[in-house]
Structures are given as C-alpha cells and as structure tokens.
*Asks:* 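Have a look at this one.
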Amino acid sequence: MAKGSQLSQLKSALSHAGISKPSQHGKKRKRSGSTDQDKIKKAAKLQEIHRKLNPFDVKVTKLKHDVGGRKIKGSKGQPAQSKQAGIQQREKTLLKEFQERGRVGGVVDRRFGENDPSMSLEERMLERFTKERQRASKGNVFNLEGEEELTHYGQSLSKLDDFDNVGLPMDEDDDEDPGQIDRDIVGRAHFGGFGDEDEEDDDHNPDRKKSKAEVMAELIAKSKEHKARRQLEKEQEESMRYQLDQDFDSLRSLLFAPDAQPTDNNVVSHQLSKSSVDIDEQLDYDRQVRELAFDQRAKPKDRTKTEEELALEEKEALEKAEKQRRRRMLGDDGEDSDEGGKSHGKRKRERGGDDLEDDFAVDESWGGIGSGLGEVDINDQAIDQSEDDDGGADDNGDTGDEDEDSDAEEGSETNFGSQTSSASGGEIDEITTSQRSEKLKPPGVRKELPFTFPCPESHEEFLKIIGEIDDTDVPTVVQRIRTLHHPSLSPENKVKLQNLTSVLVDHILYITSPPTPRFTLLNSILPHLFALCRSYPFESAGFFVEKLSLMHKNLERGLSRGALELGARTWPGPAELSLLRAIGAIWSSSDMSHPVISPARLLMGAYLGLCRVRSLMDVTSGLFLSSICLQYEELSKRLIPEAVNFSINAVLHLAPSSLKNFASIPGSFPSPDFRSDLCAPLAIDMKKSKHLDFRIPSLHRLMTCSEYREQDKIDLLGLAFRLLERFSEMYKSLDGFIELYQPVLDILTKLDITQLSEGVRTRISSLQDKLTRLLKFSRQARRPLLLQAHKPIPIPTYIPKFETSSSSYLRRQDPDHERNEASKLRYQLKQEKKGAIRELRKDAKFLAAVEHKQQAEKDRAYKERMNKAFTSLEGERAEQKAMDREKAKEKRRSGRK
C-alpha cells in the first residue's frame with residue numbers, strides 16, 4: 001500500500017482496484033449498464049480496502065502452537081463491528097424499555113352508563129340495547145319492515161292481510177285453464193284497476209263506477225271467504241281421516257283373515273291364535289302412537305330470578321296467605337277480588353282426599369318458610385336456606401356430631417343444664433334481658449300459625465310474638481320474619497335484621513336458663529343466627545362481645561366474694577355454656593386473632609384457671625368447658641393447659657388413688673382443692689360402684705339436681721378420661737408433650753381401680769397403654785441439641801504433590817464419567833456467569849451513556865435559556881445606564897447638580 005496520509009492511500013487503493021477512473025476530456029462517454037454481479041464485486045473491493053486501511057478493526061490471537069490446517073474458533077475477531085452491533089441491538093431493545101419506563105397503560109371503560117351511579121343495572125342494559133338497535137337501524141336504509149307505510153293510490157298495502165292464492169282456482173285437481181289467473185282478478189288486484197272506465201258493476205248499478213274503497217273491501221272479503229273455505233275443507237278432511245282410523249280396527253280382521261281352505265282343526269286353531277297375537281301387537285302399537293300425540297311437549301323455562309325478585313315473591317306469598325288465613329278465621333272463605341272489592345261467583349270447594357285427579361300435586365311452594373297449618377310438624381321439615389346470606393348454615397348448624405368420643409365428651413348437649421341462678425344474689429348482672437315466665441303452655445295445644453309477623457326490636461317484643469306459639473314453630477316464625485324483612489325490599493330492613501340478631505342472642509340465653517332449658521329449640525335457631533352473623537358480621541360481633549364482657553364482670557364479682565363461697569356465682573351456668581358453644585359453632589375458632597373467639601377463649605381459660613371446685617356441679621361445668629375448648633382448638637391445635645389441668649384434677653377428685661396429699665402428686669399440676677373438705681364427698685364409693693360401667697353423663701340433670709348418685713360420678717370420670725385421650729391426640733406433635741403428659745400417666749398408674757367393674761378397668765388400662773405409646777414415640781423423635789457441624793480442618797503439609805498425568809491437554813479428563821460431566825457443567829456455569837456479568841456491565845454502561853447524553857441535553861437547553869435571559873438583562877441594563885448618563889448630562893447642561 002502506498003505511503004502517505006490515509007486520503008492518499010485511499011485514492012491509490014481505489015485507482016489500483018479500478019473503481020475510480022480518470023475523467024476523459026473531449027470524448028463522449030459511453031453509457032454501459034452495470035449488472036448486479038458488478039455491484040457485488042465492487043462492494044467486496046470496497047470492503048477489502050476499508051479493512052486494509054484500518055488494521056485495528058481485526059484482532060488476532062496469536063497461537064502458542066500453530067498446527068497447519070486447524071481452525072480455532074475465536075482466534076480472529078472484529079471488536080469494532082461487534083461493539084457497534086451490540087450498541088445497535090441495545091438501541092432497539094434496552095433503549096426502548098428505558099424510554100418507556102414508568103408508563104402505565106389501562107383500559108378505559110366507555111360503555112354507556114358504566115360510571116353513572118344513579119343508574120341501576122337494568123337501566124344500563126336497556127339503554128345499551130336501545131343504542132345498539134339505533135345504530136343498527138341507521139345503516140339499513142332499505143329496510144321495508146320499518147315504520148314507513150307502503151301505499152298505492154293512497155291505499156295502505158299493509159291492510160291487505162291475506163293475499164295467499166288470490167285469483168287461483170280452489171280445486172288443485174281442476175285442469176281447466178291451468179296456470180292462468182282470472183281476468184277480473186288481474187284487472188282489479190294486479191294494479192290494473194283502481195279507476196278504469198270499463199270497470200263497472202253491471203249487476204247492481206251499471207251507471208255508477210265502483211270506488212277504490214269498495215274495490216278493496218270486495219277484494220278483502222273474497223280473500224277472507226277463500227281462507228274460511230280452505231279452513232273448512234281442511235277440518236272436514238281431518239274428521240274424515242279420524243273416522244277412517246277409527247273404522248280401521250273393524251276392517252283389520254277381514255284384511256288379516258286366514259285362507260278359506262280345508263285344514264286340520266289344530267292347524268286352524270294355531271293360525272287363529274297367531275293372527276290374534278298379531279292383531280293385539282298392532283293394536284298396542286296404534287295405542288302407543290296415539291299416546292305420543294297427546295304427550296306434553298317441552299316448554300321454555302323461565303329465566304333465573306334474582307335474589308331481590310325471589311325475596312319479593314316470598315313476601316307477597318306470605319302476605320297473601322295471611323289474608324286468606326284471616327278470612328278463614330273470620331268465617332269468610334270467599335275469593336278475594338282486589339280490583340272490584342267484591343267476590344263474584346260461587347265459593348270454590350276445597351280439594352279433599354278423594355279429589356286425586358291427573359293434575360293433583362303436592363303444594364311445595366312454601367319451601368323453608370312453613371305451611372302455616374297446625375297439623376304440620378315443622379321438625380320433619382328441613383330449614384331451607386334459599387337466600388345467599390343463609391349459605392353455610394347447613395354446614396355449621398350441627399355443632400356437636402363429630403364421632404362417638406366427641407359426643408361423649410361434649411356430654412349429650414341436648415340434656416345439658418347449669419347452675420341455678422338463685423345463689424347469684426343482688427351483685428350479679430343477669431345475662432338474659434327478659435325474665436322467664438313461670439306459666440308454661442299446655443302441651444299438645446297448637447294454633448294455626450300466622451304468615452306475617454312484625455320484626456321485633458327487643459326481646460320482649462319477640463316473646464310477645466311467640467307467646468302462644470309452640471317451640472317447634474319458632475324457627476318457622478324466624479324464617480318468615482327474615483323473609484318479610486329482606487334487605488332488598490327496603491333500606492330499613494337491614495337495621496331491623498341487625499336488631500333481630502341481638503334478639504336471637506338474647507333468646508338463646510332465655511331458653512337455656514334454668515329451671516327448664518330447651519336445647520332442642522337452641523339447635524333449631526342456630527342456623528338462622530349463623531346466617532344473620534354472616535350477613536352482618538361487625539354488628540353481630542359487637543352483640544356477642546357485649547355478652548362476654550358481662551360474663552367476665554360476673555366472674556370478677558363472684559371471685560371477689562370468695563372462690564370457695566358456696567353462694568358465689570363463679571362457674572358458668574347453662575345459659576353461659578350454651579352461648580360459648582354457639583360462639584364456637586358460628587364464628588371461626590382457628591384464627592390467630594378473632595374479635596369474638598379470642599375474648600371467649602380468654603374467658604374460658606379464666607373460668608378453668610381461677611374458679612375453685614366446691615361440688616359435683618362445678619366439676620360438670622368445668623368438664624363441659626374443657627369439651628368446648630377441645631371444639632375450639634380442634635383445627636389450630638393451640639395448647640390450653642387449663643383444660644388439661646382441670647381434666648386431670650377431675651380424675652383426682654373422683655377416682656380413688658394412693659395419693660394422700662398435694663405434695664405426693666407427680667408433676668407440677670396446680671391442685672389446690674385436692675383432698676379438701678368440699679371435695680372429699682366427690683370421691684367414688686368403692687362398695688357402691690363395683691358393678692357400674694361408663695355411660696354418657698346427663699349434664700342437664702347433673703347441673704340442676706341437688707342429689708347425686710354413684711353412676712353420675714362414674715360417668716363424669718369416664719368423660720374426664722375421654723378428654724385426656726382427645727387432648728393427647730391433639731398435642732402429641734408438640735415439643736413439650738413428654739413434660740405435659742408424663743405426670744398424667746404417672747397419676748393414672750397410681751389409681752386404685754382393683755375393686756371397680758371390668759369395663760372401667762379396661763377403659764383405664766387402654767388409656768394408659770395409649771399414653772405409653774405416644775410418650776415412647778415422642779422420646780424417639782426427640783434429639784438432643786448438637787453443635788454446628790463443620791468441615792474438619794486439615795493438618796498443613798509441605799510435601800509436594802506429584803501426579804502421574806501432568807499434561808495440560810488432559811487436565812479436564814477425569815476417569816470418573818459422572819465427576820467429569822459435573823466438572824464440565826461447573827465450568828460451563830462459570831463461563832455463562834462471566835458472560836452474563838459482562839453483558840450486564842455493557843448494559844449499565846450503555847444506559848449510563850444514554851442518561852449522560854440526556855442530562856447533557858438538559859444542561860445545554862438550560863444554559864441556552866439562562867444565556868438568553870442574561871443577554872436580555874444585560875441589554876436592558878446597558879440601556880438603563882445609557883439613559884442615566886443622558887439624564888446626568890442634561891442636568892449638568894441645565895446647571896443643576
């Protein structure tokens with residue numbers, strides 16, 4: 001390549017390549033078309049010249065050992081072109097993302113009325129449908145079915161209702177003049193008339209022309225006459241066909257009669273029997289065909305109604321039924337006419353048992369709101385939770401049926417009772433808002449149940465409503481109140497139903513209070529209370545928390561009088577226990593923190609931990625509280641040490657044992673009432689209990705009666721054993737299970753049960769074996785704490801390491817295949833990681849350059865604005881100074897200073 005500057009080198013290279021030719025002066029240049037091949041060659045020559053002019057564009061890696069014919073990938077590279085390609089690729093991808101950062105897209109809902117809160121959903125849908133029809137009708141200009149009316153000579157063509165087969169002969173089989181239309185019809189109907197001079201009525205008035213109205217009226221009359229005639233002929237044909245079908249049975253025997261030839265008597269009888277069978281089959285077939293003709297065809301179903309529409313229908317049905325009931329009560333069974341105010345016609349006779357016709361069907365329209373008649377048993381009908389706010393009541397309505405052990409430990413909730421409230425004195429606030437009526441309704445007296453009820457605002461009003469209603473009809477009354485005051489019917493109904501929730505809570509406490517608790521009614525009311533709590537959770541939670549606060553105050557007052565005072569009301573009664581059980585059935589007891597469950601859990605812990613045992617009634621209340629705690633924590637499995645402690649204390653109070661005082665009790669269970677004077681009568685008498693076995697305890701009787709039997713003590717002891725077993729199943733996964741249940745097992749082994757029955761001994765031994773196995777498994781699963789494991793530190797050595805294969809070519813060749821593949825993967829991962837880091841650094845450098853460029857552009861624009869402002873200010877300042885100088889000169893000239 002020639003020496004000199006790059007320009008001279010470029011000119012020399014172009015001339016040698018024959019790309020740039022010297023201009024020819026004085027000669028005419030010849031135009032020769034360059035082909036695509038010449039252009040490709042020219043581009044290749046220019047690329048070669050460009051490569052030679054800049055040798056730094058190519059980077060060559062010098063090989064240490066060059067082998068002839070071997071090509072190594074990556075030995076030559078073009079860093080400038082690679083860099084430029086990388087920059088261009090980042091400008092297409094990374095720069096676009098950088099410029100569009102922070103941009104938020106969205107979809108704007110432009111549907112008609114979507115953002116208008118004053119329009120209901122039905123109004124929006126109707127308006128959108130109207131707009132859509134209007135848009136569709138704008139483009140259809142040639143729609144003949146629009147509002148425009150077609151006329152001819154002033155006459156509306158839409159009034160001509162029937163022109164089918166006008167002017168055609170009636171008899172299709174008539175071959176006379178086939179395919180031709182009557183001339184008179186052509187002249188009058190096919191727009192050949194309406195005013196011709198030759199169309200006259202020669203029969204009536206040959207001197208007067210018929211008007212257009214008369215012509216059209218005559219045409220319409222003829223059309224209707226033809227139509228009526230065709231309809232009559234069709235009916236006659238149908239009747240004839242039906243008559244032939246009826247007479248065909250009499251002709252069938254002649255058609256299928258056997259041949260009249262001499263045959264044997266047996267053959268003849270066989271043929272006659274065969275023909276009779278065929279005739280019967282044909283008759284059966286014809287009968288089935290006729291039955292198919294009269295089958296009821298499918299009808300389109302009504303659309304699915306909304307919740308508001310269903311609630312309104314149920315309300316109207318109840319109001320209508322109530323009106324009918326009042327008329328029956330007053331002796332007026334006539335039909336009600338709302339329009340005229342009078343009843344016309346005879347009174348319709350009520351359907352009786354003999355009126356079983358084809359259309360007889362049982363009236364199931366009331367569903368879950370009851371039929372209202374005194375003869376119907378409401379207990380046999382399931383409460384229908386048809387509304388959306390009633391969902392889930394069926395799943396949680398039954399609160400105590402888990403298994404046999406659960407039923408046993410909850411202790412026959414339907415027979416459950418509590419302490420009498422006579423010992424409360426004047427210091428205790430009654431948790432029920434209404435006093436129980438001493439006068440009870442005579443059993444078996446049931447009146448006709450009304451259909452409409454007002455929504456009670458207090459418990460006293462609710463008691464007035466259900467004063468003469470049987471307990472089995474109370475759930476129906478509640479359901480009808482909820483139906484009549486559905487929230488979708490009126491805005492005030494929401495507040496009324498919230499008050500109804502408070503009324504039901506008070507009624508639960510009312511019906512479960514001594515002396516006659518009604519737990520069957522409690523179980524039937526719980527689904528309605530559950531549905532209301534789901535619909536209004538915040539207000540309902542406040543009602544329950546208020547009752548729990550009152551129970552806590554009563555506990556504090558009872559403890560302040562003295563935990564061992566017989567007149568102090570410390571342990572909860574039947575009403576309080578029923579409320580706690582209802583809370584566990586209605587609200588979620590597995591939450592970490594709950595506005596209702598958490599206070600209830602703390603209150604039960606206070607009952608079990610602070611109250612002292614004075615009688616068997618206290619033991620019964622404590623065991624029921626322990627079963628409620630088990631119900632609460634069945635899912636979350638939280639540790640409640642008070643429940644386990646009371647269960648084992650109940651065993652110590654009831655079962656005979658070799659333990660003499662508190663110091664001899666294994667473990668650290670607090671048992672201040674063990675072997676006390678009040679608890680001494682609670683122990684089981686060995687002589688009277690030799691033949692007694694465990695049964696389900698009647699908690700209702702235990703908490704209401706004053707005299708106890710040995711069977712009651714045995715039953716409570718069995719309930720305590722079942723609670724200990726269920727708690728062991730629940731807490732076996734805890735880390736401290738060994739420390740919790742090892743003292744329990746030690747106490748059970750020291751019980752003196754040799755003189756008890758075989759069933760009691762078997763039960764206790766099975767519990768001991770189960771606890772022994774659980775403790776064994778817990779000890780096997782427990783591992784002692786160890787120091788943190790670490791790699792041992794090797795002893796340093798200075799002996800050199802010699803290898804037999806020291807070739808660098810085989811440094812990655814491991815004889816172990818798996819280890820070699822793992823080494824390759826690690827190397828590949830390392831290379832990929834380095835490449836990713838390199839690319840990330842290039843991306844960061846590119847973005848930094850872009851940001852620097854943007855900042856420089858902002859600084860330049862800012863500097864230009866500032867320079868323009870300073871220039872303007874300097875010009876104004878210069879003009880001001882010049883003006884000041886002129887003023888000073890004028891002053892000096894005028895002689896002023």
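Everything numeric in this text was worked out from a predicted model, so none of it was measured.
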*Asks:* Side chain of Ser524, backbone of Leu521: donor and acceptor closer than 3.5 Å?
*Replies:*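 Answer holds: yes.
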*Asks:* What heavy-atom pair brings Arg695 and Asp715 nearest, and what distance separates the two atoms?
*Replies:*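 The pair with the smallest heavy-atom distance is N-OD1, 3.1 Å.
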*Asks:* Which residues pass the ring-ring contact (aromatic ring centres under 6.0 Å, His included) test with Phe727, not counting sequence neighbours?
*Replies:*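 If we apply the ring-ring contact (aromatic ring centres under 6.0 Å, His included) test to Phe727, skipping adjacent residues, the hits are Tyr731.
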*Asks:* State, without any angle test, whether Ser588 and Asp591 hold a side-chain donor-acceptor pair at a distance under 3.5 Å.
*Replies:*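 Short answer, yes.
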*Asks:* Taking all atoms of both residues into account, what is the closest heavy-atom pair of Gln631 and Arg581, and its distance?
*Replies:*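 Distance-wise, the nearest heavy atoms are NE2-O, 4.1 Å.
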*Asks:* Taking the side chain as every heavy atom from C-beta outward, state whether Ser578 and Leu522 have any pair of such atoms under 4.5 Å apart.
*Replies:*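 The answer is yes; the side chains approach within 4.5 Å.
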*Asks:* Can you tell me if Thr501 uses its side chain to pair, donor with acceptor, with the backbone of Leu497 under 3.5 Å?
*Replies:*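 Here the side-chain-to-backbone pair exists.
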*Asks:* For Glu576, is there an ion pair with Lys547 - N to carboxylate O distance below 4.0 angstrom?
*Replies:*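 No.
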*Asks:* Run the numbers on Ser627 and Leu723 for side-chain contact (heavy atoms from CB on, under 4.5 Å), then give the verdict.
*Replies:* CA-CA 7 Å; Ser627 65; Leu723 286 174; 4.2 Å; yes
*Asks:* Heavy-atom count check: over 12 atoms from other residues, nucleotides or ligands less than 6.0 Å from Glu132 CD?
*Replies:*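 For Glu132, atom CD is not crowded (no more than 12 foreign heavy atoms under 6.0 Å).
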*Asks:* State which residues pass salt bridge (Lys or Arg N to Asp or Glu O under 4.0 Å) with Glu642; sequence neighbours excluded, sorted by chain then number.
*Replies:*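 For Glu642, no residue satisfies salt bridge (Lys or Arg N to Asp or Glu O under 4.0 Å) once neighbours in sequence are set aside.
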*Asks:* Side chains of Val478 and Phe462: does their closest heavy-atom pair fall under 4.5 Å?
*Replies:*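 Yes, at least one pair of side-chain atoms sits under 4.5 Å.
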*Asks:* Is the shortest heavy-atom distance from the side chain of Arg518 to the side chain of Thr512 under 4.5 Å?
*Replies:*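 With C-beta onward as the side chain, the pair stays apart.
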*Asks:* Is there a donor-acceptor pair closer than 3.5 Å between any side-chain N or O of Arg124 and the backbone N or O of Asp116?
*Replies:*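 Yes, the answer is positive, given that a donor and an acceptor are paired below the 3.5 Å cut-off.
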*Asks:* Is there side-chain contact between Asp471 and Thr520, with at least one heavy-atom pair below 4.5 Å?
*Replies:*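 Result no, sub-4.5 Å side-chain heavy-atom pair not found.
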*Asks:* Keeping the roles fixed (side chain from Ser621, backbone from Pro572), state whether a donor-acceptor pair exists under 3.5 Å.
*Replies:*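 Side chain of Ser621 to backbone of Pro572, a donor-acceptor pair under 3.5 Å: yes, one is there.
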*Asks:* For the side chain of Asn645 and the backbone of Pro641, is there at least one donor-acceptor N/O pair under 3.5 Å apart?
*Replies:*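 Not confirmed, Asn645 side chain does not pair with Pro641 backbone.
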*Asks:* Is there side-chain contact between Pro456 and Ile465, with at least one heavy-atom pair below 4.5 Å?
*Replies:*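 Sidechains of Ile465 and Pro456: in contact.
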*Asks:* Can any side-chain N or O of Arg534 pair as donor or acceptor with the backbone N or O of Ile586 at less than 3.5 Å?
*Replies:*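 No: the side chain of Arg534 does not pair with the backbone of Ile586.
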*Asks:* Taking all non-hydrogen atoms of both residues into account, name the closest pair between Tyr607 and Met551 and its distance.
*Replies:*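 Looking at all heavy atoms of both residues, the closest pair is OH-O, 3.8 Å.
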*Asks:* Would you compute the distance between atom OG of Ser589 and atom CD1 of Ile583 and round it to the nearest 0.5 angstrom?
*Replies:*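 The OG atom of Ser589 sits 11.5 Å away from the CD1 atom of Ile583.
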*Asks:* Could you go through the side-chain contact (heavy atoms from CB on, under 4.5 Å) check for Glu633 and Arg601 one step at a time?
*Replies:* CA-CA 10 Å; Glu633 310 303 335; Arg601 188 186 296 115; 2.6 Å; yes
*Asks:* At what distance, to the nearest 0.5 angstrom, does CG of Leu489 lie from NZ of Lys494?
*Replies:*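 NZ of Lys494 is found 15.0 Å from CG of Leu489.
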*Asks:* Would Phe544 and Ile597 count as a side-chain contact (heavy atoms from CB on, under 4.5 Å) if you check the C-alpha gap in whole Å, the side-chain angles of each, and the deciding distance to 0.1 Å?
*Replies:* CA-CA 10 Å; Phe544 282 100; Ile597 294 296; over 6 Å; no
*Asks:* Please report the shortest heavy-atom distance between Leu719 and Pro697, naming the atom on each side.
*Replies:*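 Nearest pair, atom of Leu719 first, then Pro697: CD2-CG, 4.2 Å.
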*Asks:* Is the shortest side-chain N to carboxylate O distance from Arg612 to Asp618 below 4.0 Å?
*Replies:*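 Looking at Arg612 and Asp618, the cut-off is not met.
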*Asks:* Would you say that Asn554 contacts Arg569 through its side chain, given a criterion of any heavy-atom pair below 4.5 Å between the two side chains?
*Replies:*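 With C-beta onward as the side chain, the pair stays apart.
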*Asks:* Taking atom CZ of Arg133 and atom CZ of Phe129, what is their separation to the nearest 0.5 Å?
*Replies:*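 Taking CZ in Arg133 and CZ in Phe129, the distance rounds to 4.5 Å.
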*Asks:* Nearest heavy-atom pair of Phe646 and Ser626: which atoms, and what distance?
*Replies:*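 For Phe646 and Ser626, the tightest heavy-atom pair comes out as CD2-OG, 4.1 Å.
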*Asks:* Begin with the C-alpha distance, continue with both residues' side-chain angles, and end with the deciding distance and a verdict on side-chain contact (heavy atoms from CB on, under 4.5 Å) for Ile508 and Leu529.
*Replies:* CA-CA 10 Å; Ile508 286 176; Leu529 185 59; 3.4 Å; yes
*Asks:* Check whether any side-chain N or O of Asn493 sits under 3.5 Å from a backbone N or O of His486 as a donor-acceptor pair, and report yes or no.
*Replies:*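 Confirmed, Asn493 side chain pairs with His486 backbone.
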*Asks:* So with a 6.0 Å cut-off around NE2 of His594, is the heavy-atom count from everything else above 12?
*Replies:*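 Result for NE2/His594: enclosed.
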*Asks:* In Å and rounded to the nearest 0.5 Å, what is the OG1 to NE2 distance from Thr452 to His485?
*Replies:*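 Rounded to the nearest 0.5 Å, the OG1-NE2 separation comes out at 9.0 Å.
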*Asks:* Could you check if a side-chain atom of Ile466 sits within less than 4.5 angstrom of a side-chain atom of Asp473, using non-hydrogen atoms only?
*Replies:*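 No. Closest side-chain heavy atoms not under 4.5 Å.
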*Asks:* Within a strict 4.5 Å, meaning less than it, do heavy atoms of the Leu625 and Leu580 side chains meet?
*Replies:*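 In short, these two side chains touch, coming nearer than 4.5 Å.
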*Asks:* Look up atom CG in Leu734 and atom CZ in Arg638, then write down how far apart they are to the nearest 0.5 Å.
*Replies:*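 Going from the CG atom of Leu734 to the CZ atom of Arg638 covers 12.5 Å.
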*Asks:* Among Leu484, Thr483, Val477, exactly one meets side chain to side chain contact (heavy atoms under 4.5 Å, CB included) together with Ile481. Which residue is that?
*Replies:*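 Among the candidates, only Val477 passes.
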*Asks:* If you look at every heavy atom in Ala643 and Cys629, which pair is closest and at what distance?
*Replies:*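 Answer, listing the atom of Ala643 first, then Cys629: CB-CB, 4.4 Å.
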*Asks:* Is a side-chain N or O of Asp470 found less than 3.5 angstrom from the main chain of Thr472, in a donor-acceptor match?
*Replies:*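 Yes; judged by distance alone, with no hydrogens or angles, the pair exists.
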*Asks:* Counting only heavy atoms not in Glu457 (residues, nucleotides, ligands), do more than 12 fall under 6.0 Å from its CD?
*Replies:*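 12 or below, so no.
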*Asks:* Decide if the gap between the ring center of Trp587 and the ring center of Phe543 is smaller than 6.0 angstrom.
*Replies:*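 For Trp587 and Phe543, the ring centres are not under 6.0 Å apart.
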*Asks:* When rounded to the nearest 0.5 angstrom, what is the spacing between CD1 in Ile469 and CG in Leu463?
*Replies:*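 Separation between the atoms: 11.5 Å.
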